[in-house]
Amino acid sequence: MSGDHIQQYGAGSIGKAEHSGSGDIVAGGKTVGSTAGGPAVEALLQEIQRLRPHLDEHDRAEVDAAANSIAAETSAERRRSLVQRITGIAALVGELGVPVIAAARALLGA
């Protein structure tokens, strides 16, 4: 077959499903079934958990809101914004925030 011709109807149609061999499946332009964010996100979330007891209620709520969104975020720009929000708060904590900032830099490839 020289090309794909796909016709779909109904609300549950997701489009062509593709698998690149790396553990991901792309269906309808969205990655499904992959690890949410990978090991760099997991490392950041672990460091955030260690930092949480040292935050006041307001900062903890801000960090939690960003952390809850970061793993599922597919937009690089939005993910960067969430990471910046987290690292800004971590920087204000001082030395206790350094591991969070290091994990965030690793996630962003800095």
Ala40 and Leu107: which non-hydrogen atoms are nearest, and at how many Å?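 Ala40 and Leu107 have their closest heavy atoms at CB-CD1, 3.7 Å.
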Ignoring hydrogens, what is the shortest heavy-atom contact between Ile48 and Ala67? Give both atom names and the distance.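 So the two residues come closest at CD1-CB, 4.1 Å.
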To the closest 0.5 Å, what do you measure between CZ (Arg79) and CG (Leu44)?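 Spacing of CZ (Arg79) from CG (Leu44) equals 9.5 Å.
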Shared ILVMFWY cluster between [X] and [Y], side chains joined below 4.5 angstrom?
X: Leu51; Y: Ile70; value: yes
X: Ile101; Y: Val63; value: no
X: Leu82; Y: Leu108; value: yes

Output side-chain donor-acceptor pairs under 3.5 Å for residues 86-97, partner residues at least two apart or in another chain, one line each.
residue	atom	partner	partner atom	Å
Thr87	OG1	Val83	O	3.1
Thr87	OG1	Gln84	O	3.2

Sequence-distant partners of Arg50, salt bridge (Lys or Arg N to Asp or Glu O under 4.0 Å), two or more places apart: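 Listed in chain order: Glu47.
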With sequence neighbours excluded, give me every side-chain hydrogen bond (donor to acceptor under 3.5 Å, both in side chains) pair touching residues 53-73.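 Those involving residues 53-73 are Arg52-Asp64.
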